[in-house]
Enquirer: 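Provided herewith is a single structure, encoded as structure tokens, for subsequent inquiry.
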Amino acid sequence: MSAARSFDAVPAFGDSVQRRLDLLIGNIADILNSEVALYCQPGGKGQPPKVICSWGLGPLHEQPVRPGEGGFVGRALGLERAALEPLHRDYDAGLLAAAGGVPLTHAVAAPVRSARGAGGALAAAFSAAPPDPAQTLWATEACAAMLALGVHQRAALDALLQIDRFDSLTGCLDYAATLEELDREIGRSSRADLNLALCFIDLDNFKRINSRHGHLHANEVLVEASHVLRAGVRSYDTVGRFGGDEFVVILPGTGEADALALAERLRAGIETASISSVDEPLTASVGVAFWRRGIMSEQLVAEADRALLSVKAQKPGIVRRGAGQVGTASPLR
């Protein structure tokens, strides 16, 4: 297809719709069993493709490859039908770097069409060649059609994503959806040999806020605290509400040092935020645990929870690291 091909521009999305698109692209990665999935549109003359939503990409996800370099993402925007290709270490260096060290070898792409024609491209990358290329091509085209429906008919997003996966108060994933997302990340970490960390966050003295100011006031605190957490994580992290005043943050591809640093930033962000509905500084305690092979999602959550309980038993607000055994925790500061 020529470079003059026109695309329907994707309208600007609000935060809630963007979070749902991010969840949809994660579901697509799960369907395709891919390490990376993204939906992109041309970024303009001389500019890299614009990533609308992605799953599995690291901090460089906004610029996976420049169109003029012949990389797979740039070529995907010119496709008329699904294509599966091996990745090139030079031409696709931008995509490989953006994947955060995942050893990608192959990628598939399909056009995402709008009612008026081209609407961008869905691309997914794998750490090994798909065992059934024909099945992968068919599934990618089906997912591209599903993504087009979600992008261009926003009301369809709720049906596609089963909107009850979101906590109605905070907009974070609910308990069940958080565990599903953690299961997915554990599967990806296992396949690609990636790091994975989990933060268990509890708002200190929240019961006192409830008793002093009432439930409606306390709900305002939860909403504002959730905004701080979602603003403090990276685009590929997940924030879920675990229940009450407890939140879980899933940190894919994140080693010990980076996870502890991010956990401390989240803790400090809660403490320094201007939470309008409390008359004293709001603090949080954080327990951090790290995935190892053979550890399931419930076990990882339990380790982070034990680390959190160890923190709160001593001095709330200090981030500690769960080491996989009851009572073994070391202070970050």
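Quick note: residue numbers are just sequence positions, from 1.
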Enquirer: Thr238 versus Asp22: any side-chain heavy-atom pair under 4.5 Å?
Expert: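 No - every pair of side-chain heavy atoms lies 4.5 Å or more apart.
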
Enquirer: Given side chains that start at C-beta, do those of Val248 and Glu246 come closer than 4.5 Å, heavy atoms only?
Expert: no

Enquirer: Are Ile250 and Val288 connected, step by step, through hydrophobic side chains (Ile, Leu, Val, Met, Phe, Trp, Tyr) whose heavy atoms are closer than 4.5 Å?
Expert: no

Enquirer: How close do Asp92 and Arg75 get, counting heavy atoms only, and between which atoms?
Expert: OD1-NH1, 4.5 Å

Enquirer: Can you name the side-chain hydrogen bond (donor to acceptor under 3.5 Å, both in side chains) partners of Thr254, sequence neighbours left out?
Expert: Arg234

Enquirer: Is there a side-chain contact (heavy atoms from CB on, under 4.5 Å) between Leu182 and Glu298? Walk through the geometry before answering.
Expert: CA-CA 9 Å; Leu182 183 56; Glu298 292 84 356; over 6 Å; no

Enquirer: Is it possible for you to say whether Val286 and Leu251 belong to one hydrophobic cluster, with membership spreading through side-chain heavy-atom contacts below 4.5 Å?
Expert: yes

Enquirer: Looking at every heavy atom in both Leu77 and Cys40, which two are closest together, and how far apart are they?
Expert: CD2-O, 3.6 Å

Enquirer: For Gln135, which residues count as a side-chain contact (heavy atoms from CB on, under 4.5 Å) partner, sequence neighbours excluded?
Expert: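 Expected list: Asp132, Trp138.
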
Enquirer: Does Leu194 form a side-chain contact (heavy atoms from CB on, under 4.5 Å) with Glu185? I'd like the steps, not just the answer.
Expert: CA-CA 9 Å; Leu194 299 174; Glu185 288 293 356; over 6 Å; no

Enquirer: Once you round to the nearest 0.5 Å, how far does SG of Cys143 lie from CG of Leu32?
Expert: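 Cys143 SG to Leu32 CG: 4.5 Å, rounded to 0.5 Å.
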
Enquirer: How far apart are the closest heavy atoms of Ala284 and Ile270, and which atoms are they?
Expert: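 That closest heavy-atom pairing would be CB-CG2, 4.0 Å.
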
Enquirer: Roughly how far, to the nearest 0.5 Å, is OG1 of Thr140 from CZ of Arg81?
Expert: 12.5 Å

Enquirer: Would you compute the distance between atom CG of Leu173 and atom CD of Glu181 and round it to the nearest 0.5 angstrom?
Expert: 6.5 Å

Enquirer: Supply the atom-to-atom distance Leu203 CG to Ser226 OG, rounded to the nearest 0.5 angstrom.
Expert: 9.5 Å

Enquirer: Identify the heavy atoms of Leu84 and Ala107 that sit nearest to each other, and give their distance.
Expert: CD1-O, 3.3 Å

Enquirer: Can you give me the closest heavy-atom contact between Val36 and Gly56, atom names plus distance?
Expert: CG2-O, 3.8 Å

Enquirer: Side chains of Ser190 and Arg293: do they bring a donor and an acceptor to under 3.5 Å?
Expert: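 Arg293 and Ser190 do have a side-chain donor-acceptor pair below 3.5 Å.
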
Enquirer: Would you say Arg241's side chain and Thr170's backbone share a donor-acceptor pair under 3.5 angstrom?
Expert: no

Enquirer: Is there a donor-acceptor pair closer than 3.5 Å between any side-chain N or O of Arg188 and the backbone N or O of Glu35?
Expert: yes

Enquirer: Do Asp237 and Pro252 have side chains that get closer than 4.5 Å, going by heavy atoms?
Expert: yes

Enquirer: For the OG atom of Ser285 and the CD atom of Gln314, what is their distance to the nearest 0.5 Å?
Expert: 10.5 Å

Enquirer: Find out whether Thr136 and Asn33 are in side-chain contact, i.e. whether some heavy atom of one side chain is under 4.5 Å from a heavy atom of the other.
Expert: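 With C-beta onward as the side chain, the pair stays apart.
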
Enquirer: Identify, with sequence neighbours excluded, every residue that meets side-chain contact (heavy atoms from CB on, under 4.5 Å) alongside Ala82.
Expert: Ala110, Leu137, Glu141

Enquirer: Is Tyr39 close to Leu21 at the side-chain level, that is, under 4.5 Å between some pair of heavy atoms?
Expert: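 In short, these two side chains do not touch, never coming nearer than 4.5 Å.
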
Enquirer: Same cluster or not: are Leu308 and Val228 linked, directly or through other Ile, Leu, Val, Met, Phe, Trp or Tyr residues, by side-chain heavy atoms under 4.5 angstrom apart?
Expert: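 Unlinked, Leu308 and Val228 end up in two clusters.
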
Enquirer: Taking only residues two or more places apart in sequence, or in another chain, which ones meet Thr283 in a side-chain contact (heavy atoms from CB on, under 4.5 Å)?
Expert: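 Only Asp204, Glu271 meet the side-chain contact (heavy atoms from CB on, under 4.5 Å) criterion with Thr283.
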
Enquirer: Step by step, would you call Ile25 with Ile52 a side-chain contact (heavy atoms from CB on, under 4.5 Å)?
Expert: CA-CA 10 Å; Ile25 200 70; Ile52 306 301; over 6 Å; no

Enquirer: Indicate, with yes or no, if Phe290 and Val249 share a hydrophobic cluster defined by side-chain heavy-atom contacts under 4.5 Å among Ile, Leu, Val, Met, Phe, Trp and Tyr.
Expert: yes

Enquirer: Please name all residues satisfying side-chain contact (heavy atoms from CB on, under 4.5 Å) with Ile295, sequence neighbours left out, ordered by chain then number.
Expert: Trp291, Arg292, Gln299, Leu300, Glu303

Enquirer: Can you give me the closest heavy-atom contact between Ser34 and Ala37, atom names plus distance?
Expert: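 For Ser34 versus Ala37, the nearest heavy atoms are OG-CB, 4.2 Å.
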
Enquirer: Please list, chain by chain and in numerical order, all residues satisfying side-chain hydrogen bond (donor to acceptor under 3.5 Å, both in side chains) with Asn195, sequence neighbours excluded.
Expert: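 side-chain hydrogen bond (donor to acceptor under 3.5 Å, both in side chains) list for Asn195, sorted by chain: empty.
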
Enquirer: Would you say Leu222 and Phe247 make side-chain contact, with heavy atoms under 4.5 Å?
Expert: yes

Enquirer: Looking at OG1 of Thr178 and CG of Asp183, how far apart are the two atoms once the value is rounded to the nearest 0.5 Å?
Expert: 11.0 Å

Enquirer: Under a 4.5 Å side-chain heavy-atom rule over Ile, Leu, Val, Met, Phe, Trp and Tyr, are Val301 and Leu196 clustered together?
Expert: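 Shared cluster, yes.
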
Enquirer: Hey, does Asp30 have a side-chain heavy atom less than 4.5 Å from the side chain of Trp55?
Expert: no

Enquirer: When you compare the side chain of Pro130 with that of Val108, does any pair of heavy atoms fall below 4.5 Å?
Expert: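 Result no, sub-4.5 Å side-chain heavy-atom pair not found.
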
